[in-house]
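Hydrogens, waters and symmetry mates are skipped; everything else that's a heavy atom, side chains included, is used. Naming: A, B, ... by sequence-line order, numbering from 1 per chain.
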Amino acid sequence: MDSGLILAIAPDSGERYLSTPLYSEKEAPSLHFYNTLSRSKEPFQPLKQGEAALFVDGPALHANLTLGMARRLVLADLVQRSLQFRGFTIHRLVSLIDVDDRAIAGAEAAGQDLARFTTRFREEFTEDLAALRILPGGHFPLASRHMDDMVDFTRRLLERGFAYEKLRSVYFDISRFKDYGRLSRLDLTKIRVGKTVDLDEYAKENPRDFTLLKRAKLGELKKGIYYTTPWGQVRPSWHLICAALALKYLGGAADFHVGGIESLFPHEENENALFTAATGKPLARFWLHSEHVLRDGRPLRETGEVTVRDLLAQGSRGEDVRYFLLSTHYRKPLTFTAESLAAAARARARFDHLLLRLSLTEGDDAPTGALEERLFQAKKEVTAALDDDLNVARALSHLFNLAAEVNADLDRGRLGKNGAAAVKSRLAELDEILGVMNPPQHMRDEAVEARLAEREEARRRRDWATADRIRDELAQAGIDVTDTPAGPRWQRR
RNA sequence: GGCGGCAUAGCCAAGAGGUAAGGCAGCGGUCUGCAAAACCGUUAUUCACCGGUUCGAAUCCGGUUGCCGCCUCCA
């Protein structure tokens, strides 16, 4: 038969059929993201089949990674992991700003040269990313090493008439770019020019134009913080840095631009104007924005920053911070308090406890169809939630429901080691996207185990004083002991 | 002045026309030498307020109140 209609009547409303690969392979790609450009959720179609390029506005290297920036990077990581889970190859680019005003001021205050000052923060940034379980790889270019690219970029704009030089600074001519304001939805005729900028510092033809290359000040010249270009001794603007890095490393347009909502205007508007003027194409198709992290109802920038490094130093685990940042939808403000971070840590630990329990499960069982279906359903629920603009909270609620059911089964002895293994591998699979779980490590430490054997011996003698003393000693050494019917378990804090 | 966002239990937080997911804390229980942990059970007649549309509204429309962000260089 070449064509025709096949009618099948399924006894269970077709649910089994619908859950088979036969059906799911034909499903259209269903990833949806909220695109700030259109202010609506849109289905994702890659520019290049099977690949996706992500541009992430990275940090200025004058201080440690703050929670706000961490939220943005965790969002980018979630996008990356979701796409990788769907089989995409990801090209990620994170810009590192090491020539900005605050870094210069910080270096001066610290009595260090700029490169040394920023190198420390770059190294610590890398460590913090690892703690947050942000996938390694991709490009993390330093602005200061790409002056040539910025000069080329500027030249291109000058040639095309989008920029002009004035008194040894180079500015972008906004009047030449008709789409200016489209991304941030700002009506240029209604903004209050000069309210937040000291226009006397600039020699722009139009106060709304923005700087590409800014003439170095006397103090900067003295310290050697400038770059020699055909237009003079200058420093590049943040906007130019990002646009030039995107062009160099991604070649063309990105699929995603991930930024913070606070830099939508002017930075992203400018970055996009530059890129579009130079290449004829917008910088990205999808513009994703993480909302603020607040404290006392105010952005952290106003109330005092909280850094990831601080939290780790205070004893938080990186995965707890990640979970905290992830568990509220990225487009809603997130209020930081020590209590809410602790609540997140306890919630996250439920998964670790379940994984530990599963790994201790003994007993033979045959895999049951009911369990397989339940696990398949969990995967469907979780991926569907994430496909809907990265709804992590909904995805987690499905996982907690599964965890409760599995725990109840374990309580009633309804799960043997085969079933336990099936649950474990499904959780591990889904955690490839979330990155918040810790499968139990089989730790060997003869000294610890010898002490535990002593304690078990004491307990057998009902010598509780000795048993408790050993437990306290191990606790002092950072080792938590938990008694279970199968014997004592221990874990390093 | 312009543009935009948000208000759901003690706290955090999903849900975006079909009758309130989930987490933390609390309470009750199981387990335990004790403790801790863990696990189980339980917790909103109601979604800031007032109107409207609808058979049906937390969800749509209008208004009110409160909070927040952005409006050209701190990146």
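Distance CG (Leu300(A)) to P (C68(B)): 15 Å, rounded to an integer number of Å. The distance between atom CZ of Arg350(A) and atom C1' of G23(B), rounded to the nearest whole Å, is 8 Å. The separation between Leu341(A) atom CG and A25(B) atom C1' is 16 Å, rounded to whole Å. In this structure, Asp320(A) places its CG atom 14 Å from C1' of G23(B), rounding to the nearest Å. Distance, Arg414(A) CZ to C40(B) P: 12 Å, rounded to whole Å. Per the geometry, CG belonging to Asp57(A) stands 16 Å off P belonging to C74(B), to the nearest Å.
Rounded to whole Å, the C1' atom of C12(B) lies 15 Å from the corresponding atom of A44(B). The P atoms of U43(B) and U53(B) are separated by 36 Å, rounded to the nearest whole Å. Look at the P atom in both G23(B) and C47(B): the space between them is 23 Å, to the nearest Å. Comparing the C1' positions of U30(B) and A37(B) gives a spacing of 14 Å, expressed to the nearest Å.
Mapping Ala347(A) and Gly58(A) onto RNA chain B via the closest heavy atom, the residue that lands nearer the 5' end is Ala347(A). Mapping Asn391(A) and Arg348(A) onto RNA chain B via the closest heavy atom, the residue that lands nearer the 5' end is Asn391(A).
The residue Ala404(A) sits close only to the backbone: its heavy atoms come under 4.0 Å of sugar-phosphate atoms, none of a base.
At least one test fails for Arg71(A) against the ring of Tyr330(A): distance under 6.0 Å to the centre or angle within 45° of the axis. Cation-pi contact between Arg176(A) and Phe162(A): present, with separation from the ring centre below 6.0 Å and deviation from the ring axis of at most 45°.
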(message) I'd like to know whether His257(A) forms a ring-ring contact (aromatic ring centres under 6.0 Å, His included) with Phe286(A), so could you lay out the CA-CA distance, the side-chain angles of the two residues, the decisive distance to 0.1 Å, and finally the verdict.
(response) CA-CA 6 Å; His257(A) 180 289; Phe286(A) 280 82; over 10 Å; no
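Put simply, Trp464(A) rests on the base of G33(B): the two rings are less than 5.5 Å apart at their centres and nearly parallel, under 30°.
The shortest distance between side-chain heavy atoms of Leu311(A) and Leu67(A) falls below 4.5 Å.
OP1 or OP2 of A7(B) lies within a sub-4.0 Å distance of a side-chain N or O belonging to Lys332(A).
Pair check for G66(B) finds C6(B); Watson-Crick or G-U wobble, both atom distances under 3.5 Å.
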